Amino acid sequence: SKRVVLIGHSLGESSALACAEALTLESALRLAAGRGAAVDALPSRDRGAMLAVGRSRAAVEAVLPSTCVVAVVNSPEAVVVAGDPASLESLALNGAPKRRLDVAAAFHSPAIESALPAIREAAAALEVGAGGETRVISTLTGATAARVADPDRWVEHARRPCEFEK
């Protein structure tokens with residue numbers, strides 16, 4: 001069967017773009033490796049943490065301390081919060097299902113600010129692929145992915161919330 005539309009969750013968007021031939025596979029892999037190296041360079045105490053929560057964005061934002069943000073909206077009743085590990089553990093969620101995620105850093109949050117220059121540098125070497133008929137929907141905008149080789153797009157992508165539910 002022929003792929004018509006692809007979507008990738010968070011960094012998976014670069015994989016979707018490579019599958020759609022909007023980026024070359026080699027440059028998508030270099031981006032993933034560069035993003036990983038940028039996070040590895042962060043001091044472990046500054047990496048933050050992420051917590052999956054079975055509640056709406058509005059319900060979670062109503063109880064978030066200033067040290068945490070909604071980083072990912074997976075569906076109307078599933079979000080991921082990022083921020084200070086102690087603050088995440090103490091969230092008053094009234095029995096909402098929650099699970100700490102095993103991640104290298106709290107992506108889509110202020111915790112990765114100091115990694116953004118290295119992510120921009122990794123994205124500067126992206127190569128546009130031959131392209132094809134397959135569209136990729138961006139979790140940054142909810143629309144067809146654009147500016148795929150623009151380093152600033154990938155900085156925004158790493159820092160802004162992943163709006164998967166769009």
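Everything numeric in this text was worked out from a predicted model, so none of it was measured.
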K.L.:
Please round to the nearest 0.5 Å and tell me the distance separating atom CG of Leu29 and atom OG1 of Thr24.
P.N.:
8.5 Å
K.L.:
Between Leu64 and Cys68, what is the shortest heavy-atom contact and its length?
P.N.:
CD2-CB, 3.8 Å
K.L.:
Would a 4.5 Å heavy-atom cut-off, applied to side chains only, mark Leu51 and Leu91 as touching?
P.N.:
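Yes, side chains in contact.
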K.L.:
Check whether any side-chain heavy atom of Leu93 sits under 4.5 Å from a side-chain heavy atom of Val53, and report yes or no.
P.N.:
yes
K.L.:
What is the minimum heavy-atom distance between Ser14 and Ala28, and which atoms define it?
P.N.:
O-CB, 3.7 Å
K.L.:
On a heavy-atom basis, which atom in Ala71 and which in Ala82 lie closest, and how many Å separate them?
P.N.:
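The pair with the smallest heavy-atom distance is CB-CB, 3.7 Å.
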K.L.:
Distance check, rounded to the nearest 0.5 Å: Leu42 atom CG versus Ser114 atom OG?
P.N.:
4.5 Å
K.L.:
Pro65 versus Ser87: any side-chain heavy-atom pair under 4.5 Å?
P.N.:
yes
K.L.:
Quick check: do Thr139 and Ile7 have side-chain heavy atoms less than 4.5 Å from each other?
P.N.:
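Yes, at least one pair of side-chain atoms sits under 4.5 Å.
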K.L.:
Identify the heavy atoms of Ala122 and Gly34 that sit nearest to each other, and give their distance.
P.N.:
CB-CA, 3.8 Å
K.L.:
Applying side chain to side chain contact (heavy atoms under 4.5 Å, CB included), run through Asn74 and Val80 and close with a yes or a no.
P.N.:
CA-CA 8 Å; Asn74 285 318; Val80 176; 3.9 Å; yes
K.L.:
Flag this pair as yes if the NZ/CZ of Arg47 is under 6.0 angstrom from the six-membered ring centre of Phe107 and inside a 45 degree cone about the axis; otherwise no.
P.N.:
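Cation-pi check for Arg47 and Phe107: fails.
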K.L.:
When you check the gap from the basic side-chain N to the acidic O, do Glu127 and Arg30 get nearer than 4.0 Å?
P.N.:
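Result for this pair is yes, salt bridge flagged.
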K.L.:
Would you check, one step at a time, whether the test salt bridge (charged side-chain N to carboxylate O under 4.0 Å, His left out) holds for Arg147 with Asp150?
P.N.:
CA-CA 5 Å; Arg147 303 175 24 236; Asp150 179 352; 3.0 Å; yes
K.L.:
Can Glu13 and Ser138 be counted as having a side-chain donor-acceptor contact under 3.5 angstrom?
P.N.:
yes
K.L.:
Could you state the interatomic distance from CG (Asp46) to CG (Asp84), rounded to the nearest 0.5 Å?
P.N.:
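Here the rounded value is 10.5 Å.
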K.L.:
Do Val4 and Glu133 come close enough that some side-chain heavy atom pair is under 4.5 Å?
P.N.:
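Of all side-chain heavy-atom pairs linking Glu133 with Val4, none is under 4.5 Å.
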K.L.:
How far apart are the closest heavy atoms of Ile112 and Ala105, and which atoms are they?
P.N.:
CG2-CB, 4.1 Å
K.L.:
Answer yes or no: is there a donor N or O on one side and an acceptor on the other, between the side chain of Trp154 and the main chain of Val148, under 3.5 Å?
P.N.:
yes
K.L.:
With side chains defined as the heavy atoms from C-beta onward, is the minimum distance between Thr144 and Ile137 less than 4.5 Å?
P.N.:
yes
K.L.:
Using the rule that two of Ile, Leu, Val, Met, Phe, Trp, Tyr join whenever any of their side-chain heavy atoms come within less than 4.5 Å, decide whether Val72 and Val103 are in one cluster.
P.N.:
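Yes, Val72 connects to Val103 through the hydrophobic network.
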K.L.:
Rounded to the nearest 0.5 Å, how far apart are OG of Ser27 and CG of Leu126?
P.N.:
5.0 Å
K.L.:
Side chain to side chain contact (heavy atoms under 4.5 Å, CB included) between Val155 and His157: does it pass, once the steps are laid out?
P.N.:
CA-CA 5 Å; Val155 168; His157 190 269; over 6 Å; no
K.L.:
Do Glu113 and Arg159 meet the salt-bridge criterion of a basic N to acidic O distance under 4.0 Å?
P.N.:
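Yes.
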K.L.:
What I'd like to find out is whether the side chain of Met50 reaches to under 4.5 Å of the side chain of Val81, using heavy atoms alone.
P.N.:
no
K.L.:
How about Ser109 and Val69: do any of their side-chain heavy atoms sit closer than 4.5 Å?
P.N.:
yes
K.L.:
Are Glu163 and Arg57 within salt-bridge range, i.e. N to O under 4.0 Å?
P.N.:
yes
K.L.:
Between the side chains of Ser10 and His108, is a donor N or O closer than 3.5 angstrom to an acceptor N or O?
P.N.:
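The answer is yes; a qualifying pair exists.
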K.L.:
Please name the pair of heavy atoms, one in Arg153 and one in Ala146, separated by the smallest distance, quoted to 0.1 Å.
P.N.:
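Heavy atoms of Arg153 and Ala146 come nearest at NE-O, 2.9 Å.
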K.L.:
For Arg99, does the CZ atom have more than 12 heavy-atom neighbours from other residues, nucleotides or ligands under 6.0 Å away?
P.N.:
no
K.L.:
How many angstroms lie between CG in Leu88 and OG1 in Thr67, if you round to the nearest 0.5 Å?
P.N.:
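Between Leu88 CG and Thr67 OG1, I get 7.5 Å after rounding to 0.5 Å.
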K.L.:
If you apply the rule side chain to side chain contact (heavy atoms under 4.5 Å, CB included), what do you find for Leu11 with Arg35, and how did you get there?
P.N.:
CA-CA 9 Å; Leu11 184 58; Arg35 184 171 142 160; 3.8 Å; yes
K.L.:
Thinking salt bridges, do Glu61 and Arg55 make one under a 4.0 Å N-O criterion?
P.N.:
no
